[in-house]
Amino acid sequence: MPEDPKLKGKVFAQFNEICPAHAIFTTNTSSLVPSMFAEATGRPERFAAFHFHDTRVTNIVDIMPHPQTSLEVVDLIEAFAVRIGQIPIMLKKENFGYVFNALIMELFKSAQTLAANDVASIEDVDRAWMGVMHTPVGPFGIMDSIGIDTVWKVTDYWAKIVKDPQQIANAAFMKPYVDKGDLGEKTGKGFYSYPKPAYAKPGFVASKK
């Protein structure tokens with residue numbers, strides 16, 4: 001489901017009609033906070049954000065209650081996370097992007113800005129990050145793994161909210177990829193081509209191409 005609080009609230013309202021009263025609702029939203037659509041769920045006290053990352057590479061999971069979430073529900077969600085082998089990161093208060101996403105969205109914003117303003121190529125942005133941080137993938141490669149459509153929706157949503165010219169330009173930079181269906185790893189093409197992206201090839205960081 002896209003990062004649209006009205007749509008999320010509408011869907012949860014439909015679930016509220018058919019789910020038993022004791023059911024707990026959670027959302028995996030990447031950048032919104034649960035209070036933005038908690039009332040629409042019909043059971044705000046039994047609702048919180050429960051955000052998984054890429055389970056292929058990590059078992060970190062974020063738990064973010066909102067002011068109306070009951071303490072009992074928070075404890076139940078945390079116990080469930082541990083039971084399924086996850087490491088819960090408990091937020092003390094609502095924060096857009098949780099902890100890791102708040103960090104990485106700033107990285108994405110910086111990478112998009114460098115490319116959108118034609119400061120450096122997509123490949124060189126990734127090579128700079130990979131070469132200094134000694135990581136196997138750079139910010140654009142990570143965006144490919146998440147899905148360019150998802151990253152664009154988040155960027156575009158907040159660009160319209162804050163009306164920041166640079167964020168608007170960053171969203172416009174990614175929009176052609178979305179329009180063409182080049183959404184990243186899941187479609188076989190995005191900023192890179194898959195299943196063998198250039199950044200995964202030996203010598204990528206040191207190469208000129």
Side-chain angles (χ1 to χ4, degrees), residues 1-3 27-33 49-62 64 86-89 91 95-159 164 166-209:
M1 194 186 306
E3 295 289 88
T27 177
N28 195 52
T29 178
S30 298
S31 64
L32 307 177
V33 294
F50 188 35
H51 175 253
F52 290 80
H53 297 272
D54 187 340
T55 56
R56 296 172 298 178
V57 297
T58 182
N59 59 345
I60 291 291
V61 65
D62 304 290
M64 180 165 59
Q86 300 296 302
I87 300 172
I89 303 297
L91 274 76
N95 185 68
F96 292 101
Y98 308 90
V99 177
F100 178 80
N101 277 13
L103 295 168
I104 202 166
M105 289 308 295
E106 289 301 315
L107 172 62
F108 289 170
K109 179 181 176 182
S110 296
Q112 294 159 8
T113 297
L114 289 166
N117 292 347
D118 203 28
V119 174
S121 68
I122 288 169
E123 293 80 5
D124 277 351
V125 171
D126 277 2
R127 297 208 331 258
W129 183 265
M130 293 166 64
V132 174
M133 298 303 294
H134 300 284
T135 61
V137 62
F140 283 104
I142 299 172
M143 285 186 252
D144 267 357
S145 69
I146 293 171
I148 296 176
D149 52 337
T150 299
V151 179
W152 170 77
K153 286 171 184 173
V154 173
T155 304
D156 185 62
Y157 175 82
W158 287 109
D164 176 59
Q166 186 60 63
Q167 291 192 53
I168 292 170
N170 291 352
F173 167 74
M174 290 186 288
K175 188 61 160 57
Y177 292 89
V178 177
D179 291 341
K180 289 186 294 184
D182 295 339
L183 308 181
E185 190 174 343
K186 62 186 176 184
T187 61
K189 187 177 181 183
F191 297 120
Y192 297 93
S193 296
Y194 297 85
K196 296 180 179 180
Y199 64 77
K201 296 177 181 177
F204 172 76
V205 172
S207 71
K208 293 293 184 181
K209 297 291 183 180

Would you name the heavy atoms of Asn101 and Ser30 that are closest together and state the gap between them?
ND2-O, 3.2 Å
Let me confirm one number: the CG-NE2 distance from Asn28 to His53, rounded to the nearest 0.5 Å.
9.0 Å
Here the side-chain hydrogen bond (donor to acceptor under 3.5 Å, both in side chains) pairs for residues 134-144, sequence neighbours left out, are Asp144-Tyr194
Hey, are the side chains of Leu32 and Tyr157 touching, using non-hydrogen atoms and a 4.5 Å cut-off?
yes
Identify the two heavy atoms, one from Lys201 and one from Lys196, that lie closest to each other, and give their separation to 0.1 Å.
CE-O, 3.8 Å
Spacing of Asp62 atom CG and Ile89 atom CD1 [to the nearest 0.5 Å]:
6.5 Å
Of all the heavy-atom pairs spanning Asn59 and Gln86, show the shortest one and how long it is.
O-OE1, 3.0 Å
Parallel, tilted or perpendicular: which describes the rings of His51 and Tyr98, with under 30° parallel and over 60° perpendicular?
parallel
CE of Met143 to OG1 of Thr150: how many Å apart, nearest 0.5 Å?
12.5 Å
Any side-chain heavy atom of Phe96 within less than 4.5 Å of one from Ser31?
no
Which donor-acceptor pairs under 3.5 Å do the side chains of residues 170-186 make with protein atoms, sequence neighbours left out?
from   : atom 1 : to     : atom 2 : distance (Å)
Asn170 : OD1    : Gln166 : NE2    : 2.9
Asn170 : ND2    : Thr113 : OG1    : 3.1
Lys175 : NZ     : Asp179 : OD1    : 2.6
Lys175 : NZ     : Asp179 : OD2    : 3.4
Lys186 : NZ     : Asp149 : OD1    : 3.0
Lys186 : NZ     : Asp149 : OD2    : 3.1

With rounding to the nearest 0.5 angstrom, report the CH2 to CD distance, Trp152 to Gln112.
12.5 Å
Working to the nearest 0.5 angstrom, can you tell me the gap between Asp54 CG and Ile146 CD1?
8.5 Å
CD1/Ile148 to OG1/Thr155 distance, rounded to the nearest 0.5 angstrom?
11.0 Å
Before accepting this row, confirm whether a basic side-chain N of the pair Asp156/Lys153 lies closer than 4.0 Å to the acidic partner's carboxylate O.
no
Minimum-distance pair of heavy atoms, taken over all atoms of Gly141 and Asp126:
N-OD2, 3.2 Å
Compare all side-chain heavy atoms of Glu123 with those of Phe204 and state whether any distance is below 4.5 angstrom.
yes
Within a radius of less than 6.0 Å around CH2 of Trp158, do more than 12 heavy atoms belonging to other residues, nucleotides or ligands occur?
yes
Please report the C-alpha distance between Phe108 and Val154 in whole Å, then the side-chain angles of each, then the deciding distance to 0.1 Å, and finally whether the side-chain contact (heavy atoms from CB on, under 4.5 Å) criterion is met.
CA-CA 11 Å; Phe108 289 170; Val154 173; over 6 Å; no
Tell me the closest heavy-atom pair linking Phe140 and Ala115, and the distance in Å.
CZ-CB, 3.7 Å
Looking only at heavy atoms, what is the nearest atom pair of Val125 and Ala111, with distance?
CG1-CB, 3.8 Å
